[in-house]
Amino acid sequence: MAEPGGGRPVTVSDVQQLVRRKDEIEAQIKACYELLEGVNSQGTASPLGEASPAPCVLMVSPTGLQNDHKALMKQVEEALHKLHAREKEKHAKDEAEALAEAMSQKQSLPQAFARVNAVTPGSPASVSGLQVDDEIVEFGSVNVNNFQNLQNIATVVQHSEGRPLSVTVIRGGRRVHVGLTPKRWAGKGLLG
């Protein structure tokens, strides 16, 4: 186990070892009390049947074991605090790295020039996989650099009827490519 001034970090194995030592001491304490209770219930007779002035002289007293137990429990508590603090630190670091990565990915995504507000079920847009809230970054030849108004998209759609169009959107922070074929269908327009 790591010492307060340095050394290696506390591991789960260190804590498990301390808990095993704690269990051993608890078993010794229990055995001492059982021995004392047995002697007290039999009077002051020694195991050899002779009268003795003291109930029992133990090599290890229950009080000494209890002090050892108390010190060991303090070590277990400190080790658990260190272990949890390290895990909390690691978790915070992992979250910060994930956030930094997400931010760098977001910054590297192209700028959108339009957002999908509605997609009619069964329409060519719906069949192609276009979704509400998709942010359009490329629609055929239209992109952020040459987009002026929605008429640009209408023109591309009219000239592409029956032919697949490449559409790139940002969905959930990721770039997604959709193959869209404008065509006549039961509803309004060529896309829906």
Side-chain angles (χ1 to χ4, degrees), residues 1-31 60 62-121 123 125-150 152-153 156 164-180 191:
M1 188 169 75
E3 294 301 314
R8 69 177 178 78
V10 175
T11 65
V12 172
S13 178
D14 293 332
V15 174
Q16 289 172 334
Q17 184 179 3
L18 288 171
V19 169
R20 279 192 296 274
R21 285 182 31 209
K22 174 199 73 83
D23 291 343
E24 290 168 4
I25 289 175
E26 287 174 351
Q28 290 174 358
I29 290 171
K30 182 179 178 190
V60 178
T63 305
L65 286 173
Q66 287 173 335
N67 290 339
D68 292 346
H69 183 264
K70 184 177 178 181
L72 193 55
M73 289 303 293
K74 184 173 172 76
Q75 285 181 317
V76 168
E77 181 181 1
E78 289 171 358
L80 285 172
H81 281 295
K82 288 177 184 176
L83 189 63
H84 288 291
R86 192 177 81 231
E87 287 300 316
K88 187 176 179 182
E89 209 173 271
K90 182 182 180 296
H91 181 71
K93 182 181 174 188
D94 290 347
E95 279 186 346
E97 287 175 359
L99 181 61
E101 183 177 332
M103 292 302 287
S104 72
Q105 283 180 356
K106 192 170 189 171
Q107 289 173 356
S108 67
L109 290 173
Q111 185 178 353
F113 61 85
R115 178 184 304 260
V116 177
N117 291 327
V119 177
T120 306
S123 68
S126 173
V127 171
S128 72
L130 209 55
Q131 297 178 7
V132 172
D133 291 331
D134 280 350
E135 297 177 11
I136 301 172
V137 294
E138 288 180 356
F139 194 96
S141 60
V142 179
N143 59 42
V144 72
N145 297 322
N146 61 12
F147 175 78
Q148 294 171 353
N149 56 42
L150 290 178
N152 298 127
I153 292 177
V156 169
L165 261 176
S166 176
V167 178
T168 304
V169 299
I170 297 173
R171 180 183 299 156
R174 297 181 61 195
R175 183 188 288 217
V176 177
H177 297 284
V178 177
L180 173 61
L191 293 181

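As the structure is a prediction and not an experimental result, all values here were calculated from the model.
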Taking it one step at a time, do D134 and V176 satisfy side chain to side chain contact (heavy atoms under 4.5 Å, CB included)? CA-CA 9 Å; D134 280 350; V176 177; over 6 Å; no

Output yes when a side-chain donor or acceptor of N146 lies under 3.5 Å from a complementary backbone atom of S141, and no otherwise. yes

With sequence neighbours left out, what residues match E26 under side-chain contact (heavy atoms from CB on, under 4.5 Å)? K22, D23, H69

Locate the shortest heavy-atom distance separating [X] from [Y]; write the atom from each residue and the value.
X	Y	answer
V12	L83	CG2-CD2, 3.8 Å
A79	L18	CB-CD1, 3.9 Å
S128	G179	CB-O, 3.2 Å
T120	S126	O-CB, 3.3 Å
V178	R171	CG2-NH2, 4.3 Å
Q28	L65	OE1-CD2, 3.2 Å

4.5 Å side-chain heavy-atom contact, [X] and [Y]:
X	Y	answer
Q131	V116	no
I136	F147	no
R175	L109	yes
L80	V76	yes

side-chain hydrogen bond (donor to acceptor under 3.5 Å, both in side chains) with [X]: which residues, sequence neighbours excluded?
X	result
E95	H91
Q16	none
K70	none
R115	E135

Could you tell me whether E97 atom CD has more than 12 heavy atoms of other residues or ligands within 6.0 Å of it? yes

Could you state the interatomic distance from CZ (F113) to CG (L150), rounded to the nearest 0.5 Å? 9.0 Å

For the atom pair CG (L180) and CG (L130), what is the distance rounded to the nearest 0.5 Å? 6.5 Å

State plainly whether the residues D14 and K82 are in salt-bridge range, i.e. N to O under 4.0 Å. no

With a 4.0 Å cut-off, would you call E89 and K93 a salt bridge? no

Looking at residues at least two apart in the chain, or sitting in another chain, which of them share a ring pair (Phe, Tyr, Trp, His ring centres under 6.0 Å) with F139? none

